[in-house]
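These notes concern the structure reproduced below.
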2 protein chains.
Amino acid sequence: MSHTLGIRQAQKQKTRQALLDAALGLLEEQSLSSLGLREVTRAVGVAPTAFYRHFRSTADLGVALVEEALGSLHPMIRTTVSTTGDREERVVRTIDLIARHVDGYPAHVRFIARERHGGVQPVREAIRGQLTRFAQEVKDELAKDPVSEGWSEDDLLMLAHLYVDQMLSTASLFLEALEGPEEERPARTREVAQLATRQMRLIGLGRHHWLD
Amino acid sequence: MSHTLGIRQAQKQKTRQALLDAALGLLEEQSLSSLGLREVTRAVGVAPTAFYRHFRSTADLGVALVEEALGSLHPMIRTTVSTTGDREERVVRTIDLIARHVDGYPAHVRFIARERHGGVQPVREAIRGQLTRFAQEVKDELAKDPVSEGWSEDDLLMLAHLYVDQMLSTASLFLEALEGPEEERPARTREVAQLATRQMRLIGLGRHHWLD
DNA sequence: AATTCCAGAGAACAGTTGTTAACTGCATGG
DNA sequence: CCATGCAGTTAACAACTGTTCTCTGGAATT
C-alpha cells in the first residue's frame with residue numbers, strides 16, 4: 001500500500017520532522033504563543049522562509065504537534081482500559097503505563113498539558129477534539145464491562161471524562177517528578193504513583209456503588 | 001489599623017492595578033510567556049519604562065496576578081467545603097459556587113488554568129503553592145467530618161487533591177461554556193453543571209466506601 | 001535529453017521588542 | 001518653606017520579529 005516516496009518528498013518530510021522536533025524542544029521553556037518561526041528555523045539550521053513550505057504559521061505547526069503527540073495514542077488507551085485481570089491489578093497497570101509513556105515522551109506530555117488551556121485557539125480545539133475521542137473510546141470499553149450494566153450512556157461518558165482527566169493530571173505529576181532534582185526523582189515518582197493509584201481506586205469504588 | 005496612604009502611594013497603586021488589569025485583559029488571547037511589557041504599558045497609556053517602577057519583568061507581574069486570582073479565595077474554599085446540609089445539597093451548592101465565581105472573575109480563572117502548566121516557571125510554582133494550600137485547607141475541613149473517621153492523613157490529602165483538581169477542571173469547563181456562542185450558553189452551562197455534579201457525587205460515593 | 005517543478009536560500013522591509021540613561025514635576029518630610 | 005524622593009517621561013540603542021519577492025539547484029516528468 002505505502003508507496004516509497006522519491007528523494008524529494010523524503011527530504012521534505014525530513015525537514016518537516018526536524019522543524020517539529022526543534023519546536024518541541026524549544027517549547028520546554030515557553031508556550032506556543034511565544035514561539036517564533038525564526039527561532040524554530042534557526043534551531044534546525046534552515047532559512048526562515050523554508051518554514052512556509054511546511055506550515056502556514058506556528059499555530060499550524062502546533063496543530064501538527066497535537067496530532068503527533070496524541071494521534072498515535074488511541075490503540076494504547078483502548079488496550080489499557082480493556083485489559084483483563086484483578087481490579088486492583090488493572091489500576092496498577094494503568095498507572096504504570098502512564099509512567100512509562102511520560103518517561104518515553106516527556107516533551108509530548110508537557111506540550112499537551114501546557115497547550116490544552118494555552119493561548120492558541122486552534123491548538124486548544126485540536127487537543128479538545130482528541131481528548132473527546134479518548135473519552136468516547138474509554139466509554140465504549142467501559143460499556144463492555146459487566147459492572148456497567150444498567151448505566152445510562154450519559155453516566156458512562158461522565159465517568160470516561162473523569163478517567164481521561166485523571167490520566168492527564170497523573171501524567172503531568174509524573175512529568176514534574178521527572179523534571180525535579182535528580183536525587184528526589186525515584187521517591188517523588190513513587191509518591192505520585194501511590195497518590196494516583198489511590199485516587200483511581202477511590203473513583204473505582206464510586207463506580208461500583210453508583211447504582212445503589 | 002489600615003493607614004490611609006498619601007496621594008503618592010495611592011497613585012502608584014492605581015497604576016499598578018491598571019497594569020495588572022490590562023495584562024489580565026491581554027492574556028485572554030495569549031499566554032504570559034508571549035506577553036510583552038510594552039504591550040501592557042501601551043494598553044494602560046503610560047511609558048514603557050514606568051513598568052519597572054512596579055515589576056521587574058512580566059514574569060514578576062504574573063506572580064502578582066496569581067496572588068490576586070487565588071489569594072483571596074481561601075476563605076471561600078473553607079466555607080464551601082464545611083457548609084452543613086444534605087450530602088447531595090452540598091455538592092449542588094459547591095458546583096453553583098464555582099459557576100458563580102467563574103461568572104464573576106472569568107479572566108482570573110482563565111489565567112490560572114492557562115498558566116498552571118504554562119511556560120513561565122515562577123508563575124507555575126506560585127500557582128502550585130496556592131493549590132497546595134487549598135488542598136491542605138480542604139483536608140482540614142474533611143478531617144472534621146465524621147465520615148473521615150479512621151482515615152489516614154495521607155488518604156485525606158489524596159482526596160483533597162482530587163477535589164481541588166476536580167474544582168479547577170469544572171471551573172475551566174464553565175469558562176468554555178461562557179466563551180462559546182451566546183445562544184448555546186445556558187444549555188452548555190447546565191450540561192457542565194450536571195456533569196460536574198455527577199462526577200462529584202461519584203467521588204463522594206467512593207469516599208463513603210473507602211474503608212470497606 | 002530537455003523541460004518543468006519546487007524545497008530551500010538570500011536579501012530586504014517595516015515594526016516590534018527589552019533595557020539604558022538622563023530628565024521633570026510634584027508630593028512628602030524636615 | 002525648602003530640599004529630598006520617586007513615579008512617570010523622553011529618547012535612543014541594538015536586536016529581533018513575520019512576511020514579501022526573487023533566485024537557484026537538483027529531482028521529477030516527458
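Here is the naming used below: chain letters follow the sequence lines, and residue numbers restart at 1 for every chain. All values below were derived from every heavy atom in this structure, side-chain atoms included, with hydrogens, water molecules and symmetry-related copies excluded.
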Under 3.5 Å, which donor-acceptor pairs do the side chains of residues 151-159 of chain B form with other protein atoms, sequence neighbours left out?
residue: S152(B); atom: OG; partner: D155(B); partner atom: N; Å: 3.0
residue: E153(B); atom: OE1; partner: K139(B); partner atom: NZ; Å: 2.8
residue: D155(B); atom: OD1; partner: R198(A); partner atom: NH1; Å: 2.4
residue: D155(B); atom: OD2; partner: W210(B); partner atom: NE1; Å: 2.9

> Tell me, for nucleotides 17-24 of chain C in 5' to 3' order, what letter each nucleotide earns: B for a base near a protein heavy atom under 4.0 Å, S for only sugar-phosphate near one, - for neither?
Replying inline: SBBBB---

>> At under 4.0 Å between heavy atoms, how does the protein contact nucleotides 25-30 of chain D? Give one character per nucleotide, 5' to 3', with B, S or -.
In response: -BBS--

> Taking the inter-plane angle between the rings of F51(A) and F55(A) on a 0 to 90° scale, is it parallel (under 30°), tilted (30 to 60°) or perpendicular (over 60°)?
Replying inline: tilted

> Would you call the rings of Y105(B) and H101(B) parallel, tilted or perpendicular, where under 30° means parallel and over 60° means perpendicular?
Replying inline: tilted

>> Does A50(A) reach a base, just sugar-phosphate, or nothing at all? Heavy atoms under 4.0 Å.
In response: sugar-phosphate

> Between S148(B) and L142(B), is there a donor-acceptor pair closer than 3.5 Å when you use the side chain of the first and the backbone of the second?
Replying inline: yes

>> Under a 3.5 Å distance rule, please check whether R207(A) uses its side chain to pair with a backbone N or O of L202(B) as donor and acceptor.
In response: no

> With no hydrogens and no angle check, do the side chains of Q17(B) and E68(B) hold a donor and an acceptor under 3.5 Å apart?
Replying inline: yes

Check whether more than 12 heavy atoms from other residues, nucleotides or ligands sit under 6.0 Å from atom [atom1] of [X], and answer yes or no.
| X | atom1 | value |
| --- | --- | --- |
| R93(B) | CZ | yes |
| Q9(A) | CD | no |
| E183(B) | CD | yes |

>> Based on the rotation axes of five pairs at each end, what angle does the helix from dT4(C)-dA27(D) to dT17(C)-dA14(D) bend through, to 10°?
In response: 20°

Is the shortest side-chain heavy-atom distance between [X] and [Y] below 4.5 Å?
| X | Y | answer |
| --- | --- | --- |
| D140(B) | R78(B) | yes |
| Q166(A) | L162(B) | yes |
| L73(B) | L70(B) | yes |

>> Just the rounded figure in Å: distance from P of dG8(D) to CZ of F55(B).
In response: 11 Å

>> Under the side chain to side chain donor-acceptor pair (under 3.5 Å) definition, can you give me all pairs with a residue in residues 38-51 of chain B, not counting sequence neighbours?
In response: Q30(B)-E39(B)

> Which residues in residues 12-34 of chain B have at least one heavy atom lying under 4.0 Å from any atom of DNA chain C?
Replying inline: none

